[in-house]
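In what follows, chains carry the letters A, B, and so on, assigned in the order in which the sequence lines appear, proteins first and then strands, with residues in each chain numbered from 1.
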Protein chains: 2
Amino acid sequence: MTDAPDDAPGPCAAETTGVAEAADAPCADGAAGARLCPGGEGQVSHAIARVARAHRITAGNLLRRLGLYAGQELLMMRLWEAGPQRQSELIKLLGLDPSTVTRMVQRLEQAGLVTREPCAADRRAVIVATTEAGEALRKEVGQVWQELEERTLAGLGDDDRSELARLLAHLEDNLTGC
Amino acid sequence: MTDAPDDAPGPCAAETTGVAEAADAPCADGAAGARLCPGGEGQVSHAIARVARAHRITAGNLLRRLGLYAGQELLMMRLWEAGPQRQSELIKLLGLDPSTVTRMVQRLEQAGLVTREPCAADRRAVIVATTEAGEALRKEVGQVWQELEERTLAGLGDDDRSELARLLAHLEDNLTGC
DNA sequence: CACAAATCATTGGCCGACCAAGCAATCGGC
DNA sequence: GCCGATTGCTTGGTCGGCCAATGATTTGTG
């Protein structure tokens, strides 16, 4: 029902909104996302969603140059820090779904960054380890994360940064602690 | 090359880490993700990534009960606020890729929440509008977002909240401003 | 020892999100 | 009026994520 008697004062009429609309050519990062309610008011959730997306996109753009996709770097970091380990460890420590890790590891293997060999002691398990090529990325990924960190925190003083860290930790506890 | 001569001191040995590991049955939200470097140090990026994921998962769990997937609610909100509009408007205002919006709208149409009718004045365009069923979700989605907002900000005073809003806005500018 | 229960990993299905290509229609300048 | 940009949307492919179901192993218990 509601055969759309149309109403719509003029849906087609509005062409170019003419607002802002500038983040195109100048930077290759793309993806802006308009701020819905500029009046800071409530809606921290909206802000989180937008920041998260922008952050992920930025990270993705930086990582792409290394041949990685957003998310993969976290797995590699675990491997670099803790050495070869079984997939279930990665799943637990990254807090991801098993299937996500399975496929991510498969792709990383296909990219030549990790190896997957069956564990001798437990024939169910799979041991994941970095290859030479994977190890070689360690430094560059570190730089990328530093770059990302700087870009994210630009213009914030030390007090603001620690405040931010405190608040984020609180949010995380709120959201993961059930 | 690198036939993995290695050895692996004992990767298989480590069974259950025995740490924490509690967020399972008590709450249905799942997905925790271990904190890598507890020492607050740098790594705000890690914190952002974790908070974002937890936030999205929480939102997804709340929205699923309404038959929505995370992300779709933003599109519906635009529709509720601004009424029927062409897809390109949604794309611009949500800051998403055209293909993302196309498929999302298709799925929403398939779910009976929106309609897609060709625009008479511009035969390239498609006008998206909410259906009765879509309109009916408005209140519930509002409640879900409020619930999400509360859950996210639990335990924070007004000053902390405004501080957080300020910092997030700053981060957003940093990351989207190119 | 045998059999049920928990663990490990994989596959299939689905979404959001991206890029790259492509087609249709409109808008421009000439 | 015509032919090249530009805009609007769609499709195909890829990834990160999730859930659900399945098949191997281990482990635990009677």
Give the residues of residues 101-108 of chain A touching DNA chain C, defined as any heavy atom closer than 4.0 Å, sorted by residue number.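 Going residue by residue through residues 101-108 of chain A, the ones with a heavy atom under 4.0 Å of DNA chain C turn out to be A:T102, A:R103, A:Q106.
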Separation of [X] atom [atom1] from [N] atom [atom2], in whole Å?
{"X": "A:L96", "N": "D:dC19", "atom1": "CG", "atom2": "C1'", "answer": "14 Å"}
{"X": "A:R116", "N": "C:dT10", "atom1": "CZ", "atom2": "C1'", "answer": "9 Å"}
{"X": "A:R64", "N": "D:dG16", "atom1": "CZ", "atom2": "P", "answer": "12 Å"}
{"X": "A:K92", "N": "C:dC8", "atom1": "NZ", "atom2": "P", "answer": "6 Å"}
{"X": "B:L63", "N": "D:dG17", "atom1": "CG", "atom2": "P", "answer": "19 Å"}
{"X": "B:Q72", "N": "C:dC15", "atom1": "CD", "atom2": "P", "answer": "8 Å"}
{"X": "A:R86", "N": "C:dT10", "atom1": "CZ", "atom2": "C1'", "answer": "16 Å"}
{"X": "B:E109", "N": "D:dC9", "atom1": "CD", "atom2": "C1'", "answer": "14 Å"}

Write out a two-atom table: protein N or O, nucleotide N or O from nucleotides 23-26 of chain C, distance below 3.5 Å.
residue	atom	partner	partner atom	Å
C:dT26	OP1	B:R123	N	3.2

Which nucleotide in the set [options] lies at the smallest distance from any side-chain heavy atom of [X]?
{"X": "A:Y69", "options": "D:dG17, C:dA9, D:dC15", "value": "D:dC15"}
{"X": "B:S88", "options": "D:dG8, C:dC18, D:dG16", "value": "D:dG8"}
{"X": "A:T100", "options": "C:dT10, D:dC18, C:dC19", "value": "D:dC18"}

On a heavy-atom basis, which atom in [X] and which in [Y] lie closest, and how many Å separate them?
{"X": "B:V51", "Y": "A:L168", "result": "CG2-O, 3.4 Å"}
{"X": "B:A54", "Y": "A:T176", "result": "CB-CG2, 3.6 Å"}
{"X": "B:A133", "Y": "B:G112", "result": "CB-O, 3.6 Å"}

Applying a strict under-4.5 Å side-chain criterion to I, L, V, M, F, W and Y, I'd like to know whether B:V105 and B:Y69 cluster together.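 Each belongs to a different hydrophobic cluster.
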With nearest nucleotides of DNA chain D determined for B:I91 and A:A70 from heavy-atom distances, which residue corresponds to the more 5′ nucleotide?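 On the 5' side of the pair lies B:I91.
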When you check the gap from the basic side-chain N to the acidic O, do A:R138 and A:E135 get nearer than 4.0 Å?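 Between A:E135 and A:R138 there is a salt bridge, with a charged N closer than 4.0 Å to a carboxylate O.
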Pairing of A:R86 and A:E89 as salt bridge, 4.0 angstrom limit: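 Between A:E89 and A:R86 there is no salt bridge, as every charged N stays at least 4.0 Å from the carboxylate O atoms.
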On the nucleotide C:dT10, are OP1 or OP2 found under 4.0 Å from the side-chain N or O atoms that A:Q87 carries?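 Indeed, a polar side-chain atom of A:Q87 lies that close.
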Look at A:R56 and D:dC15 and indicate whether a side-chain polar atom (N or O) is within less than 4.0 Å of OP1 or OP2.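 Result: no.
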Test item: A:E163 and A:L156 side chains (from C-beta on) under 4.5 Å apart, heavy atoms: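 When only atoms from C-beta onward are counted, A:L156 and A:E163 do not touch, as no gap falls below 4.5 Å.
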Within-4.5 Å side-chain heavy-atom neighbours: A:I48 and A:L171: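 The answer is yes, as the side chains (C-beta and beyond) meet within the 4.5 Å cut-off.
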From A:L75 CG over to A:R107 CZ, what is the distance, rounded to the nearest 0.5 angstrom?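 If we round to the nearest 0.5 Å, A:L75:CG and A:R107:CZ are 12.5 Å apart.
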Looking at SG of B:C119 and CD of B:Q87, how far apart are the two atoms once the value is rounded to the nearest 0.5 Å?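 Nearest 0.5 Å value for the SG-CD distance: 12.0 Å.
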Distance-only donor-acceptor test, B:S99 side-chain atoms vs C:dC19 base atoms, 3.5 Å: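 Side chain to base: pair found, below 3.5 Å.
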